[in-house]
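Right, one structure below, let's go through it.
Every chain is numbered from 1, with letters handed out A, B, ... down the list of sequences.
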2 protein chains.
Amino acid sequence: MSRKDNGQSSNGKRARADEASVERPSVGSVTLSDVARLAGVGTTTVSRALNHPDQVAQKTLKKVNQAIELTGYVPNQIAGALASRRSHLIAAIIPSISNTVYAETIKHFSKILRDSGYQVLLGETDYLEDQEETLVRTVLSRKPDGIFFIGINHTAICRRQLLVANIPVVETWDLTKTPLDMVVGFSHEEVGKAIAEYLLEKKISRVGSIWALDHRAQLRRKGFLETLAFHGINSKYVCDVSVPTNFGQGREGLTRLINEGFNGGAVVCSSDTIAHGVLAEAQTRGLRVPEEMAVTGFGDQTFAPFTNPSLTTVKFDRELIGRRAAEVLLARINDEKIEEYIIDVGFEIIERKST
Amino acid sequence: MSRKDNGQSSNGKRARADEASVERPSVGSVTLSDVARLAGVGTTTVSRALNHPDQVAQKTLKKVNQAIELTGYVPNQIAGALASRRSHLIAAIIPSISNTVYAETIKHFSKILRDSGYQVLLGETDYLEDQEETLVRTVLSRKPDGIFFIGINHTAICRRQLLVANIPVVETWDLTKTPLDMVVGFSHEEVGKAIAEYLLEKKISRVGSIWALDHRAQLRRKGFLETLAFHGINSKYVCDVSVPTNFGQGREGLTRLINEGFNGGAVVCSSDTIAHGVLAEAQTRGLRVPEEMAVTGFGDQTFAPFTNPSLTTVKFDRELIGRRAAEVLLARINDEKIEEYIIDVGFEIIERKST
DNA sequence: TCCAAAAATGGTAGCGCTTCCATAAATTTT
DNA sequence: AAAATTTATGGAAGCGCTACCATTTTTGGA
């Protein structure tokens with residue numbers, strides 16, 4: 001049961017290893033030089049057979065592979081990373097893993113990297129800025145070859161740590177003129193603006209809105225309210241809710257708006273989850289959607305087409321963000337030319353029955 | 001822009017480093033011995049100051065910490081791991097990151113481990129067994145100090161790899177008499193049985209069911225159908241759907257059952273997501289729930305109380321599974337005594353309006 | 001005050017791999 | 001057939017840290 005049972009046993013280098021054939025590999029940790037001895041080649045050759053097989057003669061390659069097979073050798077990437085100064089690890093800093101929308105981006109981000117021999121080390125900030133600082137420090141001590149962020153807001157210390165680390169960085173889900181390195185996302189202010197314009201087109205001017213206390217949601221809020229104001233509408237029914245957002249906050253949010261005097265028109269929500277709750281609360285209160293009250297969400301989550309009525313929302317390609325982020329990161333790691341350091345993936349309003 | 005700009009610059013060991021004070025640390029990679037020289041102590045002492053501060057004199061500790069501060073030293077965990085044979089890395093193998101239910105377990109699992117200085121390396125199998133094999137091999141080459149699985153089904157090769165690796169393993173979300181090492185979960189057959197008994201108690205005997213093609217769902221299916229059979233009910237309306245499950249499959253599933261002649265009673269679903277779809281499809285078809293058709297789900301996801309009507313489902317504590325798994329893993333890593341190698345966290349049926 | 005025990009510190013040898021360089025083998029060229 | 005290339009290989013020096021052990025310093029009792 002002790003984890004040290006046989007940790008050392010393999011290093012009693014066998015006396016006459018050149019008599020390969022029948023030896024039982026000592027369990028625990030076969031090393032590269034065990035394989036080399038068995039194959040009757042140098043360690044360098046085994047290393048090459050593993051990492052640059054094209055530089056090794058066919059015959060030798062076969063011998064080495066046999067030895068690997070026979071011993072059940074598993075390379076020690078830690079040693080490899082130390083020697084080569086390449087960890088083949090990418091750090092991803094995200095607000096929360098249990099929020100599907102982030103998970104979808106990460107899923108595709110990881111997939112592409114995995115196919116290129118990289119693994120992703122996940123760190124959650126739980127939406128806290130100072131948590132991010134600690135996290136980044138921890139993660140940097142693993143010497144990742146690159147780092148991925150959801151969001152573009154980092155403390156000064158955090159930015160400095162990243163600068164010193166001198167590794168490729170990709171920020172996502174938002175846009176900025178001054179990325180740490182590269183950024184893949186879309187403009188949240190534009191989203192807010194687009195929603196406002198969409199409602200204006202529909203001649204809806206009594207508007208309430210519910211926003212998560214989250215950088216990006218607040219940017220959308222800003223774009224939204226400013227656009228309304230620009231068109232002479234001063235929406236006073238605005239309500240903020242904490243992150244992570246949930247269904248209940250939608251119900252509560254609508255209740256608060258109504259208590260403040262809001263009485264129909266449109267409710268704009270900073271997430272589909274909130275909108276879902278608003279829809280439910282509306283139904284409970286006998287408010288007909290969209291006739292008496294239109295509702296919009298954000299994110300086009302899988303349930304959005306299936307709410308009752310189906311939800312008008314803002315769609316953006318989470319998979320694409322993940323993919324593009326992985327691609328540019330890989331390009332930078334491999335010292336390839338990058339076309340664009342700022343990549344806008346855009347968004348669109350999906351009109352359904354709730355408006 | 002090149003990542004090699006200054007990778008090496010720090011190693012020109014400064015000639016007279018004992019004149020500490022004003023030197024600007026060379027950017028790129030300050031090493032432990034840089035810190036040691038600046039602090040005027042040996043490398044061993046710096047290492048100890050970092051890892052066992054209680055074994056270092058207060059005065060020395062202060063000098064070292066100042067030097068660390070001054071240089072902006074970030075320990076290289078890769079080197080540390082190689083030397084100490086402790087990676088402080090835990091691998092977690094899960095079917096899919098974008099499935100919230102798994103994410104919740106991982107979230108709490110990670111949290112506890114992070115608090116103990118471990119980081120979690122995530123691997124997704126996409127529900128494929130052979131994918132798991134590759135993944136496990138890859139992940140083992142990072143020399144994790146422990147490994148976490150969702151599920152208890154592993155190929156023979158996979159089991160052998162784990163055995164050879166000789167590290168603590170915790171399997172979760174299911175139960176078995178013969179865990180690889182430790183297991184934290186509940187019996188899915190019992191869940192199936194419990195649902196069947198619940199329906200029988202309600203005198204419902206016309207039953208259809210929709211099951212995901214997933215080990216655990218199939219176990220529930222087995223328990224469910226066997227229990228019904230035991231009570232003389234032979235349910236022929238059974239339908240399997242692919243993983244990952246989604247809303248649409250619920251709609252489709254109910255449609256299929258109805259096309260096969262199913263005409264009300266109860267529909268048992270292997271996930272809340274499917275049940276949600278069934279609910280929607282029932283509404284579309286004008287089937288009243290629960291009067292004409294009862295519906296049950298599994299998982300008690302956040303939306304379950306808010307469907308229309310609210311969903312009767314099976315609840316189990318995903319957070320608890322994550323927490324307990326982390327605890328037993330840590331205990332094993334630290335060579336502590338483990339009370340139980342098989343931990344049953346149980347489940348319960350949550351009755352709502354859909355039945 | 002002196003000596004034994006305890007506490008603090010440092011030198012050094014790896015951890016298992018990759019990389020540099022040199023050498024050896026195979027191939028081509030003249 | 002010898003010289004000039006090209007292709008394969010291996011030795012050895014680290015990568016940056018920790019752990020072992022030995023040594024030095026401090027503490028406390030007789």
Whole angstrom value for the distance that separates P of D:dT18 from NZ of B:Lys143: 19 Å
Pairs under 3.5 Å (N/O, protein and nucleotides 23-25 of chain D):
none

Go through the side-chain N and O atoms of B:Glu133 and B:Thr155 and say whether any donor and acceptor fall under 3.5 Å apart. yes
For residues B:His154 and B:Glu132, is any side-chain donor paired with an opposing acceptor at under 3.5 Å? yes
Base C:dG16 to side chain B:Arg85, donor-acceptor N/O within 3.5 Å cut-off: no
Side-chain donor or acceptor of B:Thr44 under 3.5 Å from a matching atom on the base of C:dG11? yes
How far does CD of B:Glu171 sit from CD1 of B:Ile342, to the nearest 0.5 angstrom? 10.0 Å
Taking side-chain contact (heavy atoms from CB on, under 4.5 Å) as the definition, give me every residue that meets it alongside B:Glu336, ordered by chain and number, with sequence neighbours left out. B:Ala331, B:Asn334
Once side-chain hydrogen bond (donor to acceptor under 3.5 Å, both in side chains) is applied, what residue pairs with a partner in residues 113-122 of chain B remain, sequence neighbours excluded? A:Arg142-B:Gln119, B:Arg86-B:Tyr118
Could you list the donor-acceptor pairs under 3.5 angstrom formed between side-chain atoms of residues 41-53 of chain A and any protein atom two or more places apart in sequence or on another chain?
unit_1	atom_1	unit_2	atom_2	d
A:Asn51	ND2	A:Ser47	O	3.2

Between B:Thr45 and B:Ala83, the residue closer to the 5' end of DNA chain C by nearest nucleotide is B:Thr45
Could you check which residues of residues 53-62 of chain B get a heavy atom under 4.0 Å from DNA chain D? Sort them by number, please. none
Rounded to 10°, the helix from C:dT1-D:dA30 to C:dT30-D:dA1 deviates from straight, judged by its five-pair end axes, by 30°
Under 3.5 Å donor-acceptor, [X] side chain and [Y] backbone:
| X | Y | result |
| --- | --- | --- |
| A:Ser141 | B:Val74 | no |
| A:Asp145 | A:Ser87 | yes |
| A:Thr60 | A:Val56 | no |

Between A:Asp335 and A:Arg332 (salt bridge meaning N to carboxylate O under 4.0 Å), is one present in this structure? no
Check whether any side-chain N or O of A:Asn76 sits under 4.0 Å from OP1 or OP2 of C:dC15, and answer yes or no. no
Shortest non-hydrogen contact between B:Ser96 and A:Lys107, atoms and distance: OG-NZ, 2.9 Å
